[in-house]
Amino acid sequence: MKQFDIPSIFRSSIISKVKALRKNQDPRKKDFSPTILDFGKIQLYIARHFGFCYGVENAIEIAYRAIEENPGKRIFLLSQMIHNPTVNDDLTKRGIKFIQDTSGKQLISWEELHADDIVIIPAFGTTLEMEEILQNLGVPTEKYNTTCPFVEKVWNRAEKLGTENHTLIIHGKYNHEETRATFSHTAFNSEAVIIKNMEEAVFLAKCMTGEASKEAFYDYFKGKHTPNFDPELHLSKIGVINQTTMLASETQEIARFLKAVTEEFTAQTNASKVFADTRDTLCYATNDNQSATEALMNEALDFAIVVGGYNSSNTSHLVELLEQRCPTYFIKDETEILDDSVIRSFNIHTLEVETIENWMKGGKVGITSGASCPDSIMDSVISKILTLAGSEKSIDEVISKW
Ligand code: SF4
């Protein structure tokens with residue numbers, strides 16, 4: 001896989017050693033079991049796959065190159081480039097400004113932009129509507145477009161299916177930048193509807209079989225379907241695509257379910273319902289991070305730490321998996337670990353940061369991070385845990401014995 005030029009502040013000496021060790025032993029990544037580092041008082045179970053993915057490294061390389069190549073120019077990002085506060089803060093410190101927030105709220109009006117400004121498209125991509133606005137302003141976007149190729153792969157498949165008259169069911173979070181972008185690109189060629197989970201897929205299935213009325217569809221999926229969507233016409237030939245950071249297992253479950261409904265309905269009615277196979281559009285990094293987290297779940301962990309931005313979809317899904325098995329703390333960086341008795345952890349259900357006491361119970365600690373989290377933050381988290389646990393062995397000593 002391509003190597004990217006990433007600022008050294010995001011690299012880590014500890015993590016790069018761990019990753020290199022596993023890569024040498026298992027270059028084809030067949031073994032998703034964690035790397036266990038035994039420090040005596042504490043054992044760290046480090047996930048086999050975590051941290052910056054291809055798309056994030058690509059985006060970071062392009063954004064920092066944009067800064068380097070354009071001294072004195074105004075540089076904007078359409079919105080947060082990736083969902084990590086450390087990376088976004090560093091870009092802000094270097095002068096980059098965000099045009100919109102993550103929910104699409106305008107922070108800088110379009111009128112303030114000039115044709116000679118630099119605008120970076122984030123890794124999630126953007127909508128066709130936004131591209132048109134920039135084009136009308138004369139702002140070029142090709143040179144510093146950081147849209148991840150794996151997101152574009154989803155768009156390309158949607159385009160192909162659209163030209164074959166498929167309707168696209170998008171498994172994603174309606175307000176997420178990537179889902180908004182994918183919806184916009186998909187809607188150009190086909191009808192589309194966004195569903196966020198299995199519960200919504202079950203309701204959609206009722207609309208497919210006629211069990212739920214047309215009006216019920218419009219009510220349930222209000223604002224989440226293309227303007228001309230007619231559930232009586234547009235659910236007979238479908239394909240499922242996803243926001244690449246959703247739980248891959250959930251996307252597959254939804255696709256299997258809708259395929260079964262399609263087949264059953266076809267058998268009963270002689271109707272020609274058709275289902276497109278889109279499994280190959282699932283993102284490799286999301287798959288690998290989630291598989292590595294599932295392997296962590298097989299270990300008898302006392303607790304787990306997940307590191308990443310609180311608005312990061314892929315990181316939240318890792319928490320969602322791990323908390324099924326053990327107490328799981330979701331922290332943005334090492335500063336959330338106040339001491340060996342108090343930690344501040346983000347609750348993905350209430351969306352609030354909670355202060356938790358007596359968190360360090362037991363010595364078997366699972367640890368992983370999201371696809372937008374720099375390894376340098378993981379490094380600091382690990383060092384802090386080892387210091388608090390009073391580990392006497394050095395990291396180099398333990399790694400060398402692995
Ligand atoms: S998680 Fe996948 S789709 Fe998203 S930026 Fe990373 S590689 Fe691209």
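Start at 1 and go down the list; that is how both ligands and their atoms are numbered.
- Comparing heavy-atom distances from atom 3 (S) of ligand 1 across N242, I82, T244 singles out T244 as nearest.
- For atom 2 (Fe) of ligand 1, the nearest non-hydrogen atom of the protein is C283 SG, 2.2 Å.
- Close approach to F150 involves these atoms of ligand 1, each under 4.0 Å from a residue heavy atom: 3 (S), 7 (S).
- The part of C148 lying near ligand 1 is the side chain, judged by heavy-atom distances below 4.0 Å.
- Look at R74 and D116 and you find no salt bridge, because none of the NZ, NE, NH1 or NH2 atoms lies under 4.0 Å from a carboxylate O.
- For the residue pair E352 and T350, no side-chain donor N or O sits within less than 3.5 Å of a side-chain acceptor on the partner.
- In this structure, the protein non-hydrogen atom closest to atom 6 (Fe) of ligand 1 is C53 SG, 2.2 Å.
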Item to complete: Give the C-alpha distance, both sets of side-chain angles, the deciding distance and a yes or no for salt bridge (charged side-chain N to carboxylate O under 4.0 Å, His left out) between R11 and D375.
Response: CA-CA 5 Å; R11 298 283 189 206; D375 283 350; 5.7 Å; no
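- A cation-pi arrangement is absent between K224 and F183 under the rule of less than 6.0 angstrom and at most 45 degrees off the ring axis.
- Note: F124 and H83 have tilted aromatic rings, judged against thresholds of 30 and 60 degrees for the angle between ring planes.
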